[in-house]
Protein chains: 2
Amino acid sequence: MDRLDKKILRLLQEDATLAVADIAKRVGLSTTPCWRRIQKLEEDGVIRRRVAVLDPVKVNLGVTAFVAIRTNSHSTEWLRRFAEVVGDFPEVMEFYRMSGEVDYLLRVVVPDIAAYDAFYKRLISRIEIRDVSSSFAMEQIKYTTELPLDYLALEKEPRES
Amino acid sequence: MDRLDKKILRLLQEDATLAVADIAKRVGLSTTPCWRRIQKLEEDGVIRRRVAVLDPVKVNLGVTAFVAIRTNSHSTEWLRRFAEVVGDFPEVMEFYRMSGEVDYLLRVVVPDIAAYDAFYKRLISRIEIRDVSSSFAMEQIKYTTELPLDYLALEKEPRES
DNA sequence: GTTGAAATGTACTGGTC
DNA sequence: GACCAGTACATTTCAAC
């Protein structure tokens, strides 16, 4: 992974519709090696997928809720089932196991508070949870899928002398 | 927005590399009208963009932190500047204004705890914040960019008789 | 909405240096 | 890595229905 791969990733994170020839021009490469680099980044799983990002409001998903969950201590089998049940809800877009006070954190999208309530009831009916606490986002100030590539360690590049 | 648009959106949210002819086949349309629908969805801003999704671990971003922020009451101008400063950090992938206890919630990605600490110091040096509380994700169980389209209201379709 | 076709562009492969 | 060529396929636009 060198400076050029990083540039390619930056571009594709912004706009995955760019033509290979375009990308090549912008990173200062000809199309063939640029194309090969992109293939390799996909093979290596650095690029996971290319997706369309929709406007949540325009598909009737204006409300984002964060759900902090505390569970009782349970077997690993229970935890596996818990993860499966929760992850199966399409409203749950993000799901983390946390350190500290809260055991799990969910980001949930729904049209409105009533739909959140319905979601909540379905959730607790499917799995026992010790404590659930919901907070609502009033405004989404920033949402990006672009990972910051500033921390990416580069391979040493050949040097003069 | 009808049943077919919804199907198209579902497919493109999963894989934006699909050829129009493929999508057309799967939704039961021929390519021309299918292509027109996709164009319209883009014009209307339902489809915001098409992006490459990278593997965070493979670009050295294994740590996700959630940062809950409480501010003092401030002018709208101060709030504007606050939003700008915070949003400018590329490590901040999501940024919400919240209801309830916490005023703002951030999702931050960094390589490790040390980098989080450095980020934290840079953040508080750039803007005064009353209270900051960080929690770390031990595991990302689910992360998707796919919005659930189940809540999408459809236009009435023509009926027999 | 359909089909078919034409024009253009792009992806991909393989070869040269 | 650059550059050139060739094929196969995609996108895009158009015309006729």
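So you know, we letter chains A, B, ... as the sequences are listed, proteins then strands, and number each from 1.
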Nearest-Å distance, [atom1] ([X]) to [atom2] ([N])?
| X | N | atom1 | atom2 | result |
| --- | --- | --- | --- | --- |
| A:K25 | C:dT10 | NZ | C1' | 13 Å |
| B:L12 | D:dT11 | CG | P | 11 Å |
| B:R37 | D:dT11 | CZ | P | 17 Å |
| A:I23 | C:dG9 | CD1 | P | 18 Å |
| B:I38 | D:dA10 | CD1 | C1' | 12 Å |
| B:L29 | D:dT11 | CG | C1' | 16 Å |
| A:K40 | C:dC12 | NZ | C1' | 19 Å |
| B:E43 | D:dT12 | CD | C1' | 14 Å |

Report the nucleotide, chosen from [options], that has the shortest atom-to-atom distance to any side-chain atom of [X].
| X | options | value |
| --- | --- | --- |
| B:R36 | C:dA11, D:dA2, C:dT2 | C:dT2 |
| A:A19 | C:dT2, D:dT11, C:dT10 | C:dT10 |
| B:T32 | D:dT13, C:dT10, D:dG1 | D:dT13 |
| A:Q39 | D:dA2, D:dA10, C:dC12 | C:dC12 |

>> With a 4.0 Å limit, can you tell me whether A:S30 has a side-chain N or O closer than that to the phosphate oxygens OP1/OP2 of D:dC3?
In response: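 So the side-chain polar atoms of A:S30 never come under 4.0 Å of the phosphate oxygens OP1 or OP2 of D:dC3.
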
> For C:dA11, does OP1 or OP2 lie under 4.0 Å from any side-chain N or O of A:W35?
Replying inline: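 For C:dA11, OP1/OP2 do not have a side-chain N/O of A:W35 under 4.0 Å.
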
On a heavy-atom basis, which atom in [X] and which in [Y] lie closest, and how many Å separate them?
| X | Y | result |
| --- | --- | --- |
| A:L147 | B:M93 | CD2-SD, 3.4 Å |
| B:V92 | A:T144 | O-CG2, 4.3 Å |
| B:V20 | B:T31 | CG1-O, 3.9 Å |

>> Taking ring pair (Phe, Tyr, Trp, His ring centres under 6.0 Å) as the definition, give me every residue that meets it alongside A:F136, ordered by chain and number, with sequence neighbours left out.
In response: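 A:F136 satisfies ring pair (Phe, Tyr, Trp, His ring centres under 6.0 Å) with A:Y116 once adjacent residues are dropped.
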
> Can you find a side-chain donor-acceptor pair between A:Y143 and B:E94 that sits under 3.5 Å?
Replying inline: no

